[in-house]
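Report on the structure given below.
Counting starts at 1 for both ligands and their atoms, in listed order. Sequential numbering from 1 along the given sequence is applied to the chain's residues.
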Amino acid sequence: MNKFLLSIIVPVHNEEKNIPILVERLSKAVQNYTYEILFIDDGSTDSTLSILKNSAATNKLLKIYSFTRNFGHQNALFCGYQKAKGDCVISIDADLQDPPEIIPTMVKKWEKGTQIVYARRQKRKDSPFKKLTAYIFYRFLNILSDVRIPTDVGDFRLLDKTVVTYIKNLPEHNKYIRGLVSWGGFSWDQVEYNRDERFAGTTHYTFSKMLNLALDGLISFSIKPLRVAMYIGFVTAMLGILGITYALYRRIFLPHEFWITGWTTLFIAVLFMGGIQLITIGIIGEYIGKTYQESQNRPPYLLKETTNA
Ligand code: UDP
Ligand code: MG
């Protein structure tokens, strides 16, 4: 038996078909450690919670924290980090896309002194669309933000207690955990694995949720979009000055037959400027909205009940 405590946190939302096999494979993978497994039930509406409770009744090492409603994956993860007592904490998805069997390899790297161990997907059996959007997003985020978020790592990772404490104590409410983990500048290493398909059920990350997560990540780690908006403003203003010069030249120096033409140019210019202005206002609005949410100071989740906690 090792001397340290290993915490596993699993956010679950409607995963009734995956829980039994997950519990079995997880328990087997960590049997040689002193461990606790925390399930964060993120407002499941199927039998996930009752299945979890059944398992927890016979195994006190399984703990359940259940939310009053669906608060989202990132908030469920955050709850896990708040409640975990381990010397190292591993977060893993409930759908068995992340193989629990590589946990001992991750723990070994941590024992050598690395503070973060990412599980990095080498091959992933997701849809081509998901792969493409994930690929574009990570490259895009790395260009636009000041933090380097390692590509092709998801939320399957090991964090040392110091990193968990740092995340727990950050004052911001809108936590994009993936970004914050790498922002901290802790030492890290990785273990590669092949990402399986979902064991049962379908993904909860629809296109709009993925887009939201991507935008949240971008907004909370970079103010470059504001700057880009300003640059675009400069460029269009320059074009505007050229246009004005040309219009005046025509009006003053050319005979009056030429005055009434130019409707197309005007039309295009109005539409183009209108579009640019709306996009820019939208970008500014995003940042104002985030500031507003921060000032509201609401808790990231509400607990309905806990088991073995
Ligand atoms: N999840 C959650 N709350 C949500 C959506 C998802 O706790 O609102 C959990 C889900 O049960 C799973 C993990 O987050 O354990 C990852 O979700 P999913 O597998 O749907 O995402 P994908 O792997 O397709 O990115
Ligand atoms: Mg999944």
### Query
What do you reckon, does T202 have a nitrogen or oxygen under 3.5 Å from a nitrogen or oxygen of ligand 1?
no

### Sub-3.5 Å N/O-N/O distance, P11 and ligand 1
yes

Judged by modelled atom types alone, do [X] and [Y] share a side-chain donor-acceptor pair under 3.5 Å?
{"X": "D98", "Y": "Y193", "answer": "yes"}
{"X": "R198", "Y": "Q97", "answer": "no"}
{"X": "N70", "Y": "H13", "answer": "yes"}
{"X": "R250", "Y": "Y246", "answer": "yes"}
{"X": "Q82", "Y": "Y301", "answer": "yes"}
{"X": "E36", "Y": "S7", "answer": "yes"}
{"X": "S47", "Y": "E16", "answer": "yes"}
{"X": "N174", "Y": "E294", "answer": "no"}

Considering only the protein, which heavy-atom contact is closest to [atom], and what is its distance?
{"atom": "atom 1 (N) of ligand 1", "value": "H13 CB, 3.8 Å"}
{"atom": "atom 14 (O) of ligand 1", "value": "H73 CD2, 3.2 Å"}
{"atom": "atom 23 (O) of ligand 1", "value": "Q97 OE1, 2.7 Å"}
{"atom": "atom 18 (P) of ligand 1", "value": "R198 NH2, 3.5 Å"}
{"atom": "atom 22 (P) of ligand 1", "value": "K130 NZ, 3.5 Å"}
{"atom": "atom 20 (O) of ligand 1", "value": "H204 N, 2.6 Å"}

Which atoms from ligand 1 have a heavy atom of [X] less than 4.0 Å away?
{"X": "R195", "value": "23 (O)"}
{"X": "G72", "value": "3 (N), 8 (O)"}
{"X": "V12", "value": "7 (O), 11 (O)"}
{"X": "D95", "value": "19 (O), 23 (O)"}
{"X": "T203", "value": "20 (O), 21 (O), 22 (P), 24 (O)"}

### Query
What's the atom name of the N, O or S in D95 nearest to the Mg ion (ligand 2)?
OD2

### Same apolar cluster: M273 and I283, side chain cutoff 4.5 Å
no

#### Entry: Q97 N/O/S atom closer than 2.8 Å to the Mg ion (ligand 2)
yes

### Task
Could you tell me whether any N, O or S atom belonging to D93 is less than 2.8 Å from the Mg ion (ligand 2)?
no

Check each heavy atom of [X] against ligand 1 and say whether those closer than 4.0 Å belong to the side chain, the backbone, both or neither.
{"X": "D42", "value": "side chain"}
{"X": "E15", "value": "side chain"}
{"X": "K209", "value": "side chain"}
{"X": "N70", "value": "side chain"}

### Query
Quick one: does M210 get a heavy atom under 4.0 Å from ligand 1?
no

Are [X] and [Y] in a cation-pi contact, defined as NZ or CZ under 6.0 Å from the six-membered ring centre and within 45° of the axis?
{"X": "R251", "Y": "Y249", "result": "no"}
{"X": "R69", "Y": "F71", "result": "yes"}
{"X": "K175", "Y": "F78", "result": "yes"}

### Task
Counting heavy atoms only, name the option from D98, D41, D93 that's nearest to atom 13 (C) of ligand 1.
D93

### Task
Return the option from F71, Y205, F199, F39 holding the heavy atom at the smallest distance from atom 17 (O) of ligand 1.
Y205

### Message
Can you tell me how the ring of Y205 sits relative to the ring of H73, calling it parallel under 30°, perpendicular over 60° and tilted otherwise?
### Response
perpendicular

### Query
Does any non-hydrogen side-chain atom of Y65 lie less than 4.5 Å from one of D41?
no

